[in-house]
Amino acid sequence: MIIAAIDIGSNAARLLINEVKESKGKVEYTKLNLLRIPLRLGFDVFSKGEIGAERKQMAINTMKIFSQLMAMYKVEHYRACATSAMRDAKNGQEIIDIVKEEADINIEIISGDEEATLIYENHVAEGLDKNFAYLYVDVGGGSTELTFYENDKMKYEHSFNIGTIRLLNGLVTPNIWEEMKYEIKDKIKSKKPVVAIGSGGNINKIFSLSKTKDGKAMPVSAIKKYLKEMQNLSVEERMQLYQIREDRADVLVPALQIFNNVMSWAEIKHIYVPKISVADGLIHNIYTSIIDKK
C-alpha cells in the first residue's frame, strides 16, 4: 500500500511517500520519497495576517508538484494537513480552494492539539524504557506541541503559539512564555525520571552536529552549548560554520531557545531525537484509519 502525507508548516511544506506492508503481524514503513520546500508562510502570516501573493503562488505551485509526484508513485491514500500559519492566515481558505481546483489536493487545517497527537502517532515512547516518562516536544515555525506519555498512556497534550518564526518576528510575549512555564510545571509531573523526545528539523540538525549515536539520548547540555555558540553569530556565520542553509540558520537559535526553556522547566536532562515528524505521524494515522475500517 502506497501512502502519502503532506505537512504544510509555517516554515516548510513536506511530502512524504511511504510503502506500508504488514508481515507476520508487524507493520513495516518504507520511505520512498521525502521532498521539503521552504515556503516560509509564517513570515507573511505572523507579520501581515495573510499569505502574500508571491508565497501564495509558491504554495499553489508546490501542491501541483506534490500532486504529480503522488500520481507517479501511484499513491492510494493521502492526507494533506496545514498547521499554525494556515490556521492564522486570513486568506487560508482561499488558497485551499485554489489548490483543490488546480492540484486536486484536499488540504485540512488542523488544530494545535491534533498536531501534537500526530507527533504522538509515531509511538516512539512505547519502544523505550518503561522506567521513564516521556515528553514529546515538537518545535515548528508557528507553534510548539507538547505531549506527555507515562505508564503506557498519553497523559497530556497542548499546543502553544511559540514557534521559531514567531520568535524571529518578536511576537512571543512574556505572558505566553509564562503560560508555557506554568503548564509544564503543573502538568509534567511523574515519580519516574522524565526524558524528552524531540522532533522537527532544528533538533534533528543539533542532534547531527552533536555526534550523538543514533538510538542514544542526547544530553540537554548539548542544546545549551549550541545555543551559547550560535546566538552570538550572524545568520551568514552560522551557515558557513555549520554548513547549513539560510532557512535553517535563521530559525536554529529560536528553536534552541524553545527547547532549552522546555527542558529547564520540566527538569529534563536528556532528549531522544528519533527523526520523526508530523508527516510520519500522518502516515501512521492514515494506515491505522484504513485498517480500522476493514
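Since this is a predicted model, take the numbers as computed values, not measurements.
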Distance alone, cut at 3.5 Å: any donor-acceptor contact between the side chains of Asn260 and Lys224?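 Yes.
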Using a distance-only test with no angle check, is there a side-chain donor-acceptor pair under 3.5 angstrom linking Glu229 and Tyr242?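 Yes - a donor-acceptor pair under 3.5 Å links their side chains.
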Quick check: do [X] and [Y] have side-chain heavy atoms less than 4.5 Å from each other?
X      : Y      : answer
Val99  : Ile60  : yes
Ile105 : Lys100 : no
Ile119 : Thr117 : no
His77  : Ile290 : yes
Val20  : Ile286 : no

Residues in side-chain contact (heavy atoms from CB on, under 4.5 Å) contact with Lys189, at least two apart in sequence or another chain: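 side-chain contact (heavy atoms from CB on, under 4.5 Å) check on Lys189 returns Asp186.
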Is the backbone of [Y] close enough, under 3.5 Å, to the side chain of [X] for a donor and an acceptor to pair up by distance?
X      : Y      : result
Ser210 : Phe207 : yes
Glu50  : Ala89  : no
Arg36  : Arg14  : no

Aromatic ring pairing Phe132/Tyr134, orientation class (parallel under 30°, perpendicular over 60°, tilted between):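 Taking Tyr134 first and then Phe132, their aromatic rings sit tilted (interplane angle of 30° to 60°).
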Please assess Phe148 against His158 for the test ring-ring contact (aromatic ring centres under 6.0 Å, His included), listing each intermediate value before the final yes or no. CA-CA 9 Å; Phe148 186 50; His158 195 73; over 10 Å; no
Are Tyr287 and Ile6 connected in a single hydrophobic cluster, I mean Ile/Leu/Val/Met/Phe/Trp/Tyr linked by side-chain heavy atoms less than 4.5 Å apart?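 Cluster IDs for Ile6 and Tyr287 differ.
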Do Leu35 and Leu41 share a hydrophobic cluster (ILVMFWY, side-chain heavy atoms under 4.5 Å, transitive)?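 Yes.
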Could you check Glu179 against Lys185 for salt bridge (Lys or Arg N to Asp or Glu O under 4.0 Å), going step by step and ending with a plain yes or no? CA-CA 10 Å; Glu179 180 201 350; Lys185 290 189 171 292; over 6 Å; no
Within a 6.0 Å radius of atom CD on Glu76, are there more than 12 heavy atoms belonging to other residues, nucleotides or ligands?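 More than 12 heavy atoms, drawn from other residues, nucleotides or ligands, come within 6.0 Å of this atom.
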